[in-house]
Amino acid sequence: MKIINVETYLFRSSRNYLLVKIETDDGIVGWGDATLNGREMVVQILVDNYLKDLLVGTDASKINEIWQMIYVGTYWRGGPIMMTALAGVDMALWDIKGKYAEMPLVDLIGGRFREKVEVYSHVHGRNADELVESVKRKKAEGFQNLRYSFDSRDHHSDMIFTQPHQDIVQGHFEKSSIESLADFWDSRVYAQDLIRITDRLRKEFGMTLGLIHDVHGRLSLSAAKEVCRELEKMHLMFIEDPIDSKKTNGLEEIRNTSTTPIGIGELFNSIDECRALISKHHIDYLRIDISHFGGITPSLRAAALSDVFDVKMAFHGPSDISPVAHAACYHIDSSISNFGIQEYVDFEQEVKDVFKMPYTYDNGFVTINNTPGLGVEIDENQLMECDEYMKSYLPILRDMMSAIHNW
Ligand code: GCO
Ligand code: MG
């Protein structure tokens, strides 16, 4: 089962995506997702100019060995660019293996633990009233778990601070200078609003609705400690990235002062960045992104390690990774014993025209079907019809004291 070709496809279908396609000499084709929001072209150059040469001629069935050869063999290992490229290759190889074995990924990795996986969706409101209405709409669609975000208004300056949500994650397309990308942000106003709005949601909807809030690393350690303590009695499912997730030494302090569960991981690119957090149980949910963590192979290891230390998996599932990556998550979610929850996105129809999905949403749960491999069928004719890639930038956030925050 020799690899005879590796191709990349960079295109725009409501937003930008980068796919990796690997072909073998026995006619099997595998697809992987290598989309890195805002830096897609760099990943493409890496796959086309470096990884392709290494891959052509090798045996596609040896996934573990190929993965290590690229990961360790690069010497300058890790980082989002490299690990996203490697993820694209890894997913395509698992897709090939499943198609060869005529088995869905979920069966290759141990079989179904559950028939359907519980998911959460996003709700956003420009104020508390609007948010309450959005929650009602999503509940009517069957969602029992919601990640909520809102805009904050500073009543002194009348400035409005927007939190990241699905509609704006694509970032800015216009040619911009660093300064023009900067949004302002007052974390004191936000922290107060977060407590007030969460309380309102609990009063409106009671205690059983699963509530998740993504701080996106925008709070200082002391503010995060205070917020997590205040939110304790409101019983979130978890708070995500309460502090900058690249400075995780502070998590222990948050942990020791509150019982609000913590989810973290979308910015991690390897197990080295989360090994200690897992083994010391400083987090409750590991939220790695399959496309930025090196793919299925290392994600299975991270899930197994988390299981040992009683940490649950809640894979990152935003619209800026393609349905190929989402399908891979649903396969893993269906098979592992320590599944927590999965972030869900309903893709636009134009995306569904390119990617024929192997999964269906129903009443708060997703079921992955038995199509071999990852199961996503790519309509290459539709793909060729898609718009051209458009370079975009994520916003930059600057707080009132001029420090640069995570967006
Ligand atoms: C989430 C995330 C995303 C990110 C996005 C950046 O938890 O879903 O924080 O919305 O902001 O993936 O590209
Ligand atoms: Mg997040």
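In this text the structure is predicted, and so the values were computed from the model without any measurement. Ligands are counted one by one from 1 in listed order, and the atoms in each one are counted from 1 as well.
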Ring center gap for Trp31 and Tyr9 short of 6.0 angstrom: yes
Which of the ligand 1 atoms, numbered from 1, are nearer than 4.0 Å to a heavy atom of Asp320: 5 (C), 6 (C), 12 (O), 13 (O)
Proximal atoms of ligand 1 relative to Arg287 (non-hydrogen, under 4.0 Å): 1 (C), 7 (O)
Phe150 ring center within less than 6.0 Å of His124 ring center: no
Pair Ser299-Ile332, side chain to side chain contact (heavy atoms under 4.5 Å, CB included): steps then yes or no: CA-CA 9 Å; Ser299 296; Ile332 299 179; 4.3 Å; yes
Trp76 backbone acceptor or donor facing Thr74 side chain under 3.5 Å: no
Numbered atoms and elements of ligand 1 in range of Glu343, under 4.0 angstrom, heavy atoms: 1 (C), 7 (O), 8 (O)
Atoms of ligand 1 close to His316 [distance to a heavy atom under 4.0 angstrom, numbered from 1]: 1 (C), 2 (C), 3 (C), 7 (O), 8 (O), 12 (O)
Heavy-atom donor-acceptor pair, Asp90 side chain to Ile296 backbone, under 3.5 Å: yes
Backbone N/O of Glu23 and side chain of Asn5: donor-acceptor pair under 3.5 Å: no
Aromatic plane relationship, Phe238 with Tyr285 - under 30° parallel, 30 to 60° tilted, over 60° perpendicular: tilted
Nitrogen or oxygen of Glu240 less than 3.5 angstrom from that of ligand 1: yes
Arg77 charged N/C atom sitting above Tyr71 aromatic ring, 6.0 Å / 45°: yes
Subset of ligand 1 atoms that lie under 4.0 Å from at least one heavy atom of Asp214: 1 (C), 2 (C), 7 (O), 9 (O)
Around the Mg ion (ligand 2), number of protein N/O/S atoms which are nearer than 2.8 Å: 3
Atoms in ligand 1 flagged as close to His216, the criterion being non-hydrogen separation under 4.0 Å: 4 (C), 9 (O), 11 (O)
Numbered atoms of ligand 1 (with element) below 4.0 Å of Glu266, judged on heavy atoms: 1 (C), 2 (C), 4 (C), 7 (O), 9 (O)
Ring centre gap for Tyr344 and Tyr361 strictly below 6.0 Å: yes
Minimum heavy-atom distance Ile197-Ala128, with the two atoms named: CG1-CB, 4.1 Å
